[in-house]
Amino acid sequence: MSYSKSNNNNHDDHHISIKPSEDDHVFDDEEAHREPHTCSALSCFMGTFCCCIGLCSCFTVQPNEEAVLLDYGKYNGTVKTPGCHFICTPGRVIKTTSTKVKSIMIPETKTIDKNGNPLVINGILTYQVRNAKRATLDVEYVDEFVRTQGLASMKQIVARYPYEAEAGQGLCLRSAADSISHEMVAMLQERMVVAGIKILGFTFNEISYAPEIAAGMLKRQQAQAIIQARKLIVTGAVDIAQLAVRELEANGIVMDASAKAKVASNLLTVICSESATAPVLPLSSA
């Protein structure tokens, strides 16, 4: 850098000029003239990464649903409140379980009753998850677990009772299915504690004899029905005959034992006969 000074006799002021020298370039700095960046590549990456982590850490729990949280394979709690929740993503596993009431069909199966008769049965089971942790972590495929245990319990309950029973011989599957269903619910509930399941009800959907004995059992049922009907008819006929004899004697008609027997015999014949009866009158000889 050089300096020059000029004197002017006609004027009193002095003028000094400064000229850049060849060594001034050492003070030039290109970095000083560079425009500043809004953000670096590293900061952009970290910002995007953190944003993705934050979004992935959010999860939603629907109504009638519970979320079981695992932190690196360790149980960390159950979220039961519907809505959006935030938990840090690394090491987190979320397993959701529905707490809605469910109904499943116990598949048709063949089993035997108390008397050894083969039956074809199926039913409808209603249940609800009450403990999401047990249903998710303690059993494999909770719905299949309920169906399998329901089928096994149904067979055990059916084996305790006959399909049919006469009056006074206890419960039977044909006439007391509702009462027997309550017993099955109690049995199945004991098995469902491990899975956190509440059994709400069970209904036999179909109970019938197996096809191989259905025809023979139908004849048996028909014979039993005919016998019971005949017993009822005979009991009623005897009562009618006794009432008729008492009413005749009360009205002053005197009858010996033979006459009473004839009246009773005629009434029994008329009442117990399957076909229409025709009166026969004896004709005395002249």
Practice prompt. Kindly give the heavy-atom pair with the smallest separation between Leu171 and Pro162, and that separation in Å.
Written response: O-CD, 3.7 Å
Fill in: Common cluster, Ile121/Ile112, ILVMFWY with side-chain heavy-atom separation under 4.5 Å
no
Discussion item. So Met154 and Leu188, do their side chains get closer than 4.5 Å, heavy atoms only?
Written reply: no
Worksheet item: For Thr126 and Ser103, which heavy atoms make the closest approach, and how far apart are they?
Response: OG1-OG, 3.2 Å
Discussion item. Would you say that more than 12 heavy atoms from the other residues, nucleotides or ligands in this model lie under 6.0 Å from the NZ of Lys102, or not?
Written reply: yes
Discussion item. I'd like to know if the side chain of Asp256 and the backbone of Ala259 have a donor-acceptor N/O pair within less than 3.5 Å.
Written reply: yes
Item to complete: Using the side-chain contact (heavy atoms from CB on, under 4.5 Å) rule, take Thr97 and Lys133 through it: C-alpha gap first, then chi angles, then the decisive distance, then the call.
Response: CA-CA 9 Å; Thr97 301; Lys133 174 181 176 294; over 6 Å; no
Worksheet item: Are Leu243 and Val245 connected in a single hydrophobic cluster, I mean Ile/Leu/Val/Met/Phe/Trp/Tyr linked by side-chain heavy atoms less than 4.5 Å apart?
Response: no
Worksheet entry | Donor-acceptor contact below 3.5 Å, side chain Asn122 vs main chain Glu206 | yes
Discussion item. When you measure from the side chain of Gln189 to the backbone of Ile199, do you find a donor-acceptor pair of N or O atoms at a distance under 3.5 Å?
Written reply: yes
Worksheet entry | Where Phe145 and Val194 come nearest, the two heavy atoms and their spacing | CZ-CG1, 4.0 Å
Worksheet entry | Fellow cluster residues of Leu200, listed by chain then number, with links counted only when side-chain atoms sit under 4.5 Å apart | Val101
Fill in: Close side-chain approach of Ile197 and Val139, heavy atoms under 4.5 Å
no
Practice prompt. Measure the OG-CD distance between Ser98 and Gln62 for me, rounded to the nearest 0.5 Å.
Written response: 10.5 Å
Worksheet item: If you measure from OG1 on Thr111 to CG on Asn117, what distance do you get to the nearest 0.5 Å?
Response: 11.5 Å
Worksheet item: Just how far is it from atom CG of Asn131 to atom CG of Leu137, taken to the nearest 0.5 Å?
Response: 9.5 Å
Worksheet, complete the sentence: Of all heavy-atom pairs linking Ala210 and Lys110, the shortest is CB-CE, 4.3 Å
Response to the item:
Output for pair (Met187 CE, His182 NE2), nearest 0.5 Å, gives 15.0 Å
Item to complete: Tell me, with the steps shown, if Thr78 and Thr136 meet side-chain contact (heavy atoms from CB on, under 4.5 Å).
Response: CA-CA 11 Å; Thr78 302; Thr136 303; over 6 Å; no
Worksheet item: So how far is it from Tyr141 OH to Thr148 OG1, rounded to the nearest 0.5 Å?
Response: 13.0 Å
Worksheet, complete the sentence: Distance col, row Leu232:CG vs Gln228:CD, nearest 0.5 angstrom, shows 9.5 Å
Discussion item. For Pro211 versus Val120, what's the shortest heavy-atom pair and its separation?
Written reply: CD-CG2, 4.2 Å
Practice prompt. Mind jotting down which residue pairs meet the side-chain hydrogen bond (donor to acceptor under 3.5 Å, both in side chains) criterion with at least one end in residues 151-165? Sequence neighbours excluded, please.
Written response: Ser153-Arg191, Gln156-Arg191, Arg160-Glu183, Tyr161-Glu183, Glu164-Arg174, Glu164-Tyr209, Glu164-Gln221
Worksheet item: So, do Asp143 and Tyr127 sit near enough that their side-chain heavy atoms are less than 4.5 Å apart?
Response: yes
Worksheet item: Is there a donor-acceptor pair closer than 3.5 Å between any side-chain N or O of Thr99 and the backbone N or O of Asn64?
Response: yes
Worksheet item: Looking at Val142 and Ala135, what are the two nearest heavy atoms and their distance?
Response: CB-O, 3.9 Å
Worksheet item: Heavy-atom count around Lys95 NZ within 6.0 Å, excluding the residue itself: above 12?
Response: no
Worksheet item: Other than Met105, what residues sit in its cluster of Ile, Leu, Val, Met, Phe, Trp and Tyr side chains whose heavy atoms are under 4.5 Å apart, directly or through others?
Response: Ile124
Discussion item. Could you check whether any side-chain N or O of Asn251 sits under 3.5 Å from a backbone N or O of Ile253, counting only pairs where one atom can act as donor and the other as acceptor?
Written reply: no
Fill in: Side-chain ion pair, Glu249 and Arg246, N-O less than 4.0 Å
no
